[in-house]
Amino acid sequence: MDFRKKTIYQIYPKSFKDSNGDGVGDLQGVIQKLPYLADLGIDMIWFNPFFSSPQRDNGYDISDYYSIDPLYGTMADFDQLIAEMSAYGIEMMLDMVFNHTSTEHVWFQKALQGDKRYQDYYLIRPKKEDGAPPTNWQSKFGGSAWSPFGESDTDCYLHLFDPTQADLNWRNPDVRQEMSRVVNFWIDKGVKGFRFDVINLIGKDDVLLDADDGIGKARYTDRPIVHDYLQELNRSSFGRINSVTVGEMSATTIENCLLYSHPERNELDMTFNFHHLKVDYEDGEKWSDIPFRFDELSGLLHEWGEKMADGNGWNALFWNNHDQPRAVSRFGNDTTYRNESATMLATAIHLSRGTPFIFQGEEIGLTNPYYSDLHSYRDVESINACHMLTEKGYSTKDCMQILQKKSRDNGRIPMPWNDGPNGGFSTSEPWIPLGKNWQTINVQSETEHGVIHPYYKQLIALRKELDIIAYGDYHAYARKHEGIYAFTRTYGEEKLLVLTNFTDKKQRVALQPEWLNGSILIHNYPDSHTLSADMILQPYEALAILVK
Ligand code: TEU
């Protein structure tokens, strides 16, 4: 089955299922839940990193690419997991964090000890004559992107993220060979998919200069050399097998995503972009508290849908992941209309052009946890943000309000399996608190009585069944509507119209005559819907009309 027919499920291992009672999810816990995942119908599982790591950034600070962190289990557990997944017909996708390593990685340690070979694995540069950092670049987690290199008074090393995450020097062919060796090691272990973390940031120039944007993005984002590196990595590793590859493209452009994912360029299969997940940022500032801008969201989804279709690129389709708040709380209504808005959001993604990703818990309508205590937060980015906001004069109440809406921990709450102790996630206190509503919103309640989980199963099955969903083109419908996001798919003689109401109000939309004789393929309200030229959609109603 090609990747356009697949639905990929994302597991954040730390929060999925704890099997040994230490409060942290692990690989044996995933093995216990494979029947649940197989029943859902997913085809591949993307695992956030479970390699050896000091856990400063929850595993995105890797100290050994070839070993399993004891927190999650052993290589024997890994071998059992991939074998049992294969028995269910589910393939594995691993997270390759190649922009940086932990400063506890042996390469960085050898560099600190003066080994010139390994110093050239990283980006070490002298401070400016006035003692300022080598460039004015800012870390994405706040503060300068430079820290002193060991005991040196003059040299600094680059870290676009936390100071414990040292950026690798991809201009060094030894580094590129090391990365290829990592991918081939996991291919030989049976891994078929790879997600490349912030892979569009690896193209730093040899001479690193200040950036006019004051933070540096323009100096290292989407540099042309990245395409060469990806083509080289494709040739030397995952291009040797029938793999599925996706690049996480921070602050990217459509033009580059077309280049990264065009099948004839032999780079990646698809790309994650985040423009649609910044429509609730105020003047580009994530740590703000404003309603999302529907017109901007709808416009971006149409622009990316149409341009990627026209240019033969391929989108990874998603609302949720381990860095994002829960979409039903962010773009839907997680109280009065939780069922309707969760299934409406799913419809907008799963019937669009691209490969859909489901983040653990999304399929049961998990909401943000709404922590009431700052000490509940664990994420380094969120904790830094809280300090930054406090320094700007925000009250604790205002900080809490912003963290409740924007923290990456919103996506990292333990998966609630039932209404028993700790939500059935662990026999001891989880590493991070559960959400506020886990006794009522959990896998058992949703699979026995819910509507969201069955609806996801239906969407996953439809993608396998109908070629129009996997292979159809994409065109906006009612492009400027103020509350309805709608698009059409065409494949051969078949046509599909998808209508999704993103508001808690009734919305009217005109149905062109060609749709009036269609059949309703899927609908998120219990009652049937008569097709008419003047359609009224209920709050958060979604439906798809198929014309053969
Ligand atoms: O994320 C990179 C990234 O762009 C996000 O962290 C983004 O900067 C942030 O969420 C904006 O608020 C990847 C991983 O998904 C993330 O978990 C890691 O922390 C990061 O890279 C560093 O490896």
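Counting convention: from 1, in listed order, for ligands and their atoms alike. Just so we're clear, the structure is a prediction, and the values are computed from it rather than from any experiment.
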Should you measure from each heavy atom of [X], which atoms of ligand 1 turn up under 4.0 Å away?
| X | value |
| --- | --- |
| Arg412 | 17 (O) |
| Arg195 | 15 (O) |
| His322 | 14 (C), 15 (O), 16 (C), 17 (O) |
| Phe141 | 19 (O) |

Q | Check: Arg408 N/O within less than 3.5 Å of ligand 1 N/O | A | yes
Q. Is any N or O atom of His100, backbone or side chain, closer than 3.5 Å to an N or O atom of ligand 1?
A.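 Yes, His100 has an N/O under 3.5 Å of an N/O on ligand 1.
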Give the residue, atom name and distance (to 0.1 Å) of the protein heavy atom nearest [atom].
| atom | answer |
| --- | --- |
| atom 2 (C) of ligand 1 | Val198 CG1, 3.3 Å |
| atom 20 (C) of ligand 1 | Phe161 CE2, 3.8 Å |
| atom 17 (O) of ligand 1 | Asp323 OD1, 2.8 Å |
| atom 4 (O) of ligand 1 | Ser250 OG, 3.5 Å |
| atom 18 (C) of ligand 1 | Asp57 OD2, 3.3 Å |
| atom 13 (C) of ligand 1 | Asp197 OD1, 2.8 Å |

Q | Closest non-hydrogen atom pair between Met96 and Phe194, with its separation | A | CG-CD2, 3.7 Å
Q. Does the gap between the ring centers of Trp137 and Tyr220 come in under 6.0 Å?
A. yes
Q.
Centre-to-centre under 6.0 Å for Phe185 and Tyr66, is that the case here?
A. yes
**Q.** Closest to atom 3 (C) of ligand 1 (judged by heavy-atom distance), picking from Lys140, Arg56, His159, Glu248
**A.**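 Looking at heavy atoms only, Glu248 sits closest to atom 3 (C) of ligand 1.
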Indicate whether the side chain of [X] and that of [Y] have a donor and an acceptor atom separated by less than 3.5 Å.
| X | Y | answer |
| --- | --- | --- |
| Lys307 | Asn315 | no |
| Asp61 | Ser53 | yes |
| Glu178 | Tyr65 | no |
| Asn99 | Asp197 | no |
| Tyr118 | Gln113 | no |

Q.
With a heavy-atom distance limit of 4.0 Å, tell me whether Glu381 approaches ligand 1 through its side chain, its backbone, both, or neither.
A. side chain
**Q.** Working for ring pair (Phe, Tyr, Trp, His ring centres under 6.0 Å), residues His322 and Tyr60
**A.** CA-CA 12 Å; His322 62 293; Tyr60 280 91; 5.3 Å; yes
Q: Could you tell me whether atom 11 (C) of ligand 1 has a protein heavy atom closer than 4.0 Å?
A: yes
